[in-house]
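All figures in this text were calculated on a predicted structure; none of them were measured in a lab.
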Amino acid sequence: QVQLVESGGGLVQAGDSLRLSCAASGRAFSSYAMGWFRQAPGKERHFVATIRRDTYTAYADSVKGRFTISRDNERSTVYLQMNGLKPEDTAVYYCAARQTAGPYYYYRSTDDYAYWGQGTQVTVSS
């Protein structure tokens, strides 16, 4: 089992950058696929980015080229670097984890993940 704690959210202006962090407790972090999702008020939770065990990554079209997901297995932490933020990026951002037997899939659905953090608010003003 793993526990996830996000940090790094805040209030920024359009065009600014933020880096979110997600610290994982528990063992075998390197065996987990990690994902970032976001949920705006009154809307469903949506996929943002994912990173496989072998560090291959995938992104939602809306953030491709602006956001970068990375992981540090030594620190059991996954990051989301967000550049060129837009007001439509405003949401609560959630980190998620899924233990995997192999590295070969990109997990993009909320149903794919067993473990979730509490979320961190990102607000982008225009």
Nearest 0.5 Å please: distance from the CZ atom of Arg98 over to the OG atom of Ser31.
11.5 Å
Does anything in residues 6-74 pair up under disulfide (SG to SG under 2.5 Å), and if so which pairs, sequence neighbours excluded?
Cys22-Cys95
Restricting to side-chain hydrogen bond (donor to acceptor under 3.5 Å, both in side chains), what partner residues turn up for Asn83, sequence neighbours left out?
Ser17, Gln81
Suppose we screen for side chain to side chain contact (heavy atoms under 4.5 Å, CB included). Which residues come up paired with Ser109, at least two apart in sequence or across chains?
Asp111, Asp112
Sorted by chain and residue number, the side-chain hydrogen bond (donor to acceptor under 3.5 Å, both in side chains) partners of Arg108 (sequence neighbours excluded) come out as none
So do Tyr107 and Phe47 actually touch side chain to side chain, heavy atoms under 4.5 Å?
no
Which pairs pass salt bridge (Lys or Arg N to Asp or Glu O under 4.0 Å) with one or both residues in residues 13-35, sequence neighbours excluded?
none
Consider only side-chain N and O atoms of Ser125 and Gln13, and report whether a donor and an acceptor are under 3.5 Å apart.
no
Backbone of Gly84 reached by a side-chain donor or acceptor of Arg66 within 3.5 Å:
yes
Under 3.5 Å, is there a donor-acceptor pair between the side chain of Asn73 and the main chain of Ser76?
no
Will you find, in the side chains of Thr50 and Tyr113, an N or O donor that is under 3.5 Å from an N or O acceptor?
yes
Residue pair Tyr94 / Gly117: nearest heavy atoms and the distance that separates them
CD2-O, 3.6 Å
For Gly9 and Thr120 the tightest heavy-atom approach is N-OG1, 3.2 Å
Contacts of Arg71 that satisfy salt bridge (Lys or Arg N to Asp or Glu O under 4.0 Å) - sequence neighbours left out:
none
With sequence neighbours excluded, what pairs up with Thr123 under the side-chain hydrogen bond (donor to acceptor under 3.5 Å, both in side chains) test?
Gln121
How about Gln3: does its CD atom have over 12 heavy atoms from other parts shown lying under 6.0 Å from it?
no
Rounded to the nearest 0.5 angstrom, the CH2-CD distance for Trp116 and Glu6 is 9.5 Å
Give me the atom names and distance for the closest heavy-atom approach of Ala91 to Ala40.
CB-N, 3.9 Å
What residues, two or more places apart in sequence or in another chain, satisfy side-chain hydrogen bond (donor to acceptor under 3.5 Å, both in side chains) together with Lys64?
Asp61
Cluster membership besides Leu85, Ile/Leu/Val/Met/Phe/Trp/Tyr side chains within less than 4.5 angstrom, sorted by chain and number, is Val2, Leu4, Val12, Leu18, Leu20, Phe29, Tyr32, Met34, Trp36, Val48, Ile51, Tyr59, Val63, Phe67, Ile69, Val78, Leu80, Met82, Tyr93, Tyr115, Val122, Val124
Give me each pair satisfying salt bridge (Lys or Arg N to Asp or Glu O under 4.0 Å) with a member in residues 38-51, each pair once, sequence neighbours excluded.
Arg38-Asp89
Partners meeting ring pair (Phe, Tyr, Trp, His ring centres under 6.0 Å) with Tyr79 (sequence neighbours left out):
none
Using modelled atom types and a 3.5 Å cut-off, is there a donor and acceptor pairing between side-chain atoms of Ser30 and backbone atoms of Ala28?
no
If a pair satisfies disulfide (SG to SG under 2.5 Å) and one of its residues is in residues 43-77, list it, with sequence neighbours excluded.
none
